[in-house]
Number of protein chains: 2
Amino acid sequence: MITLHKQGEMTQKLCSNCSLHALCMPVGLNGEEMADLDAVMKQSRRLKKGEYLFRSGEPFASLFAVRTGFFKTTVASQDGRDQVTGFLMSGELIGMDGICGQIHSCDAVALEDSEVCELPFVNLEEAGSKLPSLQTHFYKLMSREIVRDQGVMLLLGNMRAEERLAAFLLNLSQRLSDRGFAANDFILRMSREEIGSYLGLKLETVSRTLSRFQQEGWVKVEHKHIRILQPEVLKTMVAGCEHAI
Amino acid sequence: MITLHKQGEMTQKLCSNCSLHALCMPVGLNGEEMADLDAVMKQSRRLKKGEYLFRSGEPFASLFAVRTGFFKTTVASQDGRDQVTGFLMSGELIGMDGICGQIHSCDAVALEDSEVCELPFVNLEEAGSKLPSLQTHFYKLMSREIVRDQGVMLLLGNMRAEERLAAFLLNLSQRLSDRGFAANDFILRMSREEIGSYLGLKLETVSRTLSRFQQEGWVKVEHKHIRILQPEVLKTMVAGCEHAI
DNA sequence: CGCAACCTTGATTCTGATCAATAAAGGTGG
DNA sequence: CCACCTTTATTGATCAGAATCAAGGTTGCG
């Protein structure tokens, strides 16, 4: 890993040298353009499990690309209810909700020790107006988030508990597989309660539904270790709601 | 209303002369910048009630700003379930889901006779790279949509039927009031079924809940004509879920 | 005017929430 | 490294809210 030493103690990692460039911000950029993107990035930041990347209400200045690790985002209501709005893994972008209003509207929490790349938004805007392909790519990332949210709405508004859980497992499976991990054998980084919050279910329902899936022989559940034994069955279960995956 | 006559039959309406400029795309632009935005707009288009502005799967080329009228957007699943993902009124932007993928991922349908301004996306990108304030404003619009979606997730994942309906009525009330209409006396443009789909409820539940609100004296319901008699009560009901409104 | 779409209301069912008890895992400090 | 404590997960029993099924009424369009 190449690191540039700036101002003595800070180290900067480069997009142009990152294994995630096929998934993350630099998608579709040529070498020269990628160098401009390197100039956008401020520095990388490490977080311990449980640490907040930012909290709702804090001033917004930067987007963050997950480099390693795993995050959740949550929106909270004053009366304590909170809703997990997303789980984020490497190459995914956190913080786009802060652009309008210049204030973060959700919390972002590391669910395991993680590292993020900080992309100051002013730099990104400036680079975008020079680089049409970066510009376009960033529009697409925001649009993709809107489409993802539509899928979650479909899931929360229309699907039954078992369909929600099947869609959830298939979604994780797909994204892990995109990153070169096993599609059907993985560790959940989030608790049953967090899964439930994301899916609009109580943790007991998540637990029961996983147990039922296991009894049917569709998955093997060992605490947080999940093996999908019959992905086709899960796919059948959400057939007709492809959008939600 | 000033209209420019281009190519004989087409007429073009101008942002610089539109009463919605405080709510719509031109927010924060000066006169010169607004002229550039006028150049972005292709033409306006009229739709009859029930007509589709676009359908899921069609190629994406333009965003649409609602000029007059009322729209819904829906995502459909093959098995017929469909989820209303939004209701849009004047000054609001439709189609941002199409940017990633260059394909519309939802249907947009006029719920009354309507008129939209067509903003070809390539024009918008081009104008954005010249006009930083337009650029920034467009980022903010996309971000606002993401934040709105988070609110809907909170609503669908955590709230009870009566809270959802209260949040829905208050949201409509707020947006109508922003447009200079009465906040507490309005006509619903959508059916009970469409409200239910948006809120993750069945139409019978919407109907029953409205009846209960009326019995309690909080609202007066006459078919599609709604009068909010005690907005404070509705507000109390969703207190602690401000985000969802 | 007649039909179709939409709405209301009631009776019943069912899914998932709640309440509760126990078990297992993971982290902490001695 | 182990004992303890906290957090997390599983499972069962019961309950409640919303869905479903059903019937009748209203509106408005062709």
Side-chain angles (χ1 to χ4, degrees), chain A residues 48-51 72 79-84 109-113 155-169 187-216 219-226 237, chain B residues 48-51 72 79-84 109-113 155-169 187-216 219-226 237:
Chain A
K48 286 283 179 200
K49 180 175 173 173
E51 214 177 319
K72 69 169 176 181
D79 58 354
R81 297 186 263 196
D82 65 327
Q83 170 79 21
V84 172
V109 188
L111 295 182
E112 60 178 344
D113 293 359
L155 181 142
L156 291 172
N158 275 307
M159 293 167 70
R160 306 158 36 76
E162 54 180 18
E163 296 172 320
R164 296 183 198 193
L165 204 64
F168 172 75
L169 293 174
I187 305 294
L188 298 175
R189 313 297 5 179
M190 71 295 279
S191 69
R192 302 288 192 264
E193 185 169 20
E194 287 163 335
I195 296 173
S197 171
Y198 183 60
L199 299 177
L201 303 170
K202 291 295 161 186
L203 68 97
E204 294 96 325
T205 304
V206 173
S207 183
R208 266 184 250 279
T209 307
L210 278 177
S211 298
R212 182 150 17 102
F213 282 10
Q214 176 161 249
Q215 274 180 350
E216 301 283 353
V219 302
K220 181 99 180 69
V221 183
E222 283 172 326
H223 315 298
K224 305 217 160 186
H225 180 183
I226 302 284
M237 208 179 254
Chain B
K48 286 283 178 201
K49 179 175 174 174
E51 213 177 322
K72 69 169 177 181
D79 58 356
R81 296 186 263 198
D82 67 327
Q83 170 77 22
V84 173
V109 188
L111 296 183
E112 58 179 345
D113 292 359
L155 180 141
L156 291 172
N158 275 303
M159 291 166 72
R160 305 155 33 79
E162 55 180 21
E163 295 172 319
R164 295 184 198 194
L165 203 63
F168 171 75
L169 293 175
I187 305 294
L188 297 175
R189 301 297 166 177
M190 70 295 278
S191 69
R192 303 289 191 262
E193 186 169 20
E194 288 162 334
I195 297 173
S197 171
Y198 183 60
L199 299 178
L201 302 170
K202 292 294 160 187
L203 69 97
E204 295 95 327
T205 304
V206 173
S207 182
R208 266 185 250 280
T209 307
L210 278 176
S211 298
R212 182 148 18 100
F213 282 10
Q214 175 162 248
Q215 273 181 350
E216 301 284 351
V219 302
K220 181 99 180 72
V221 184
E222 280 173 328
H223 315 298
K224 305 218 161 188
H225 181 183
I226 301 285
M237 210 179 250

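Each chain gets a letter, A, B and so on, in the order its sequence line appears, and its residues count up from 1. Bear in mind the structure is a predicted one, so any value in this text is a computation, not a measurement.
For the pair B:K202 and B:E204, the salt-bridge criterion is not met [side-chain N within less than 4.0 Å of a carboxylate O]. Ion pairing between a basic and an acidic side chain is recognised when a charged N comes within 4.0 Å of a carboxylate O; A:K49 and A:D113 show no such pairing.
Rounded to an integer number of Å, the gap from A:E222 CD to C:dA23 P is 20 Å. In this entry the distance linking CD of A:E194 with C1' of D:dA9 reads 13 Å, nearest Å. Atom NE2 in A:H225 sits roughly 13 Å away from atom P in C:dG26 (whole-Å rounding). In this structure, A:L165 places its CG atom 11 Å from P of C:dG16, rounding to the nearest Å. One interatomic measurement links the two molecules: CG of B:L203 to P of C:dT8, which rounds to 9 Å at whole-angstrom precision. A straight line from CZ of A:R189 to P of C:dG26 spans 12 Å, rounded to a whole angstrom. Note: CZ (B:R160) to C1' (C:dG16) measures 14 Å, nearest angstrom. Computed from coordinates, the B:H223 NE2 to D:dG25 P distance equals 15 Å when rounded to whole Å.
Judged by distance alone with a 3.5 Å cut-off, a donor-acceptor contact links the side chain of A:E204 to the base of C:dC19. Scanning atom types as modelled, one donor and one acceptor separated by under 3.5 angstrom connect the side chain of B:R208 and the base of C:dG10.
Contacts of A:L210 with the nucleic acid, taken as non-hydrogen atoms under 4.0 Å apart, are absent. At a threshold of 4.0 angstrom between heavy atoms, the contacts of A:G200 are confined to the sugar-phosphate backbone, with no base atom among them. Here A:K224 lies in heavy-atom contact (under 4.0 Å) with sugar-phosphate atoms only.
In this structure, CG on A:N158 lies 7.5 Å from CG on B:D82, to the nearest 0.5 angstrom.
The nearest heavy atom of DNA chain C to B:M190 and to A:L201 marks one nucleotide each, and the one closer to the 5' end goes with B:M190. The nearest heavy atom of DNA chain D to A:R192 and to B:E162 marks one nucleotide each, and the one closer to the 5' end goes with A:R192.
The shortest distance between side-chain heavy atoms of B:V221 and B:I226 falls below 4.5 Å.
Regarding contacts with the backbone of D:dT10, a side-chain N or O of A:S207 is found under 4.0 angstrom from either OP1 or OP2. Residue A:T205 places at least one side-chain N or O closer than 4.0 Å to OP1 or OP2 of C:dA17.
For B:A161, the side-chain atoms get nearest to D:dA18 when compared with the rest of D:dA19, D:dA18, C:dT8. Considering only side-chain atoms of A:K49, the nucleotide from D:dT10, C:dG16, C:dG27 that sits closest is C:dG27.
Summarising the local packing, CD of B:E193 is surrounded by 12 or fewer heavy atoms from other residues, nucleotides or ligands at distances under 6.0 Å.
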